[in-house]
Amino acid sequence: MYAGIDVSATRGFDVAVLDDDRRVALLAKARDLDAAGLIIRGLPPETVVAVDAPPAPSRGFAGAGKGYRVAEQELHRVGVSLYPVPSSTEASPAWMRAGFALYEVLEKAGFPPFLEGAARRGVSIEVYPHLTYRVLTGDARGRIPKLEWSRAALRRKVAGLTRDATQDALDAIAAAYTAWTFANDRWVGYGDPREGVIVAPRSDARDEAVPPGPDQLSLGIEATPRAATADETIPRQTPFAQRVMRYVARIPPGRVATYGDVARACGTPTGARAVGTLVARRSFEMPSHRLVDATGRPSPAYPGGPERQLERLAAEGIAIANGRVDLNLHRWREQT
DNA sequence: CGTCTGACTGCCC
DNA sequence: TGGGCAGCCAGAC
């Protein structure tokens with residue numbers, strides 16, 4: 001099961017649950033934390049719970065002492081802004097404090113916050129419905145009213161939407177859908193694993209529609225994607241880009257591949273450089289730290305610096321010698 | 001459509 | 001080893 005929770009200080013918690021067919025199985029409103037806890041404790045242990053709120057105050061890893069979270073910085077770079085999380089509970093707005101408390105309830109119920117590593121069930125994740133809508137529609141909202149925009153984004157992704165769903169309910173459903181992408185290998189994590197990541201659907205999840213059901217909402221409007229500019233990317237998907245992203249996504253933790261490996265695997269044997277340029281633009285959409293050059297060195301332009309890339313590799317158990325990884329030991333080639 | 005720009009590579013000292 | 005250099009290819013304008 002996949003649960004999504006929308007947090008509001010004054011309106012309480014909206015909870016949505018999707019089944020494996022992405023059908024809305026439950027849509028409930030919990031007035032307070034106790035009521036939410038009741039629902040949470042009823043969830044199967046292998047559920048992924050997505051929450052529209054940060055799990056804890058910022059640890060300030062980003063922005064040279066500015067105190068931002070890395071996730072906020074990274075999202076800003078792709079043109080998505082969100083409410084910055086203060087570094088202390090006291091300084092946080094009420095809805096955020098409600099969120100912190102909710103994560104505690106979740107942890108006690110067996111859904112500890114997901115920090116890093118491979119996606120797994122039985123965890124809670126942080127999501128941002130606005131970002132999910134944006135990935136799904138492929139564009140910023142523009143002049144479309146928020147409620148319509150949200151519905152259009154979810155329309156083909158989730159079965160069983162009701163006509164009268166409120167914005168809070170839609171946000172909870174968007175969160176639950178994002179939990180589904182997380183558990184089904186279609187997700188991206190923005191941020192630093194040490195302070196937690198914000199999970200969003202990968203942009204190629206856009207293509208996969210759920211089969212429409214009889215009670216499916218039909219809106220008659222579509223959010224029309226327009227060509228993205230360099231600054232507000234969520235870039236479009238070319239076949240080459242798709243192949244590269246899918247391939248990189250398959251590199252297991254603890255292994256690496258070279259740009260040339262990826263190019264060859266994607267049918268463009270001499271396109272290593274093109275792989276590099278692509279990855280540079282969308283590094284947050286794939287485990288790009290697992291890409292090294294043909295001599296085993298990290299990428300000079302890795303976000304946070306090449307040292308950061310090596311740290312991430314080391315965290316996966318890869319030995320680093322002389323600032324490079326031993327390809328004979330760690331190079332991954334497809335086929336078991 | 002040409003032109004330009006890279007998180008690349010292989011080859012030659 | 002390590003640096004210089006010329007190809008290379010997809011994407012952005």
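The figures that follow rest on heavy atoms only: side chains count, while hydrogens, waters and symmetry mates do not. Treat the numbers as computed from the prediction; the structure is a model and nothing was measured. Quick note on labels: first sequence line is chain A, next is B, and so on, each numbered from 1.
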Would you indicate whether A/Asn322, at its atom CG, is surrounded by more than 12 heavy atoms from other residues, nucleotides or ligands within a distance under 6.0 Å?
no

Return all side-chain donor-acceptor pairs below 3.5 angstrom for residues 36-44 of chain A, not counting sequence neighbours, or 'none' if the list is empty.
none

Considering only nitrogen or oxygen atoms on both sides, find all protein atoms under 3.5 Å from nucleotides 11-13 of chain B and state each distance.
none

Length of the line joining A/Arg281:CZ and C/dG11:P, which is rounded to integer Å:
11 Å

What parts of residues 302-329 of chain A reach DNA chain C, counting only heavy atoms under 4.0 Å away?
A/Arg324

Residue set satisfying ring pair (Phe, Tyr, Trp, His ring centres under 6.0 Å) with A/Phe114, at least two apart, ordered chain then number -> A/Phe182, A/Trp187

So which nucleotide from C/dA12, C/dC9, B/dT9 ends up closest to the side chain of A/Thr258?
B/dT9

Which one, C/dC9, B/dC8, C/dG11, comes nearest to the side chain of A/Ala272?
B/dC8

Under 3.5 Å between N/O atoms: give me all the protein pairs with nucleotides 5-7 of chain C, atom names plus distance.
residue	atom	partner	partner atom	Å
C/dG7	O6	A/Arg273	NH1	2.7

I'd like to check the ring pair (Phe, Tyr, Trp, His ring centres under 6.0 Å) partners of A/Tyr247; sequence neighbours left out, ordered by chain and number.
A/Trp332

According to the interplanar angle, ranging from 0 to 90°, do the rings of A/Trp180 and A/Tyr177 count as parallel (below 30°), tilted (30 to 60°) or perpendicular (above 60°)?
parallel

Between atom CZ in A/Arg282 and atom P in C/dG11, what is the gap in whole Å?
8 Å

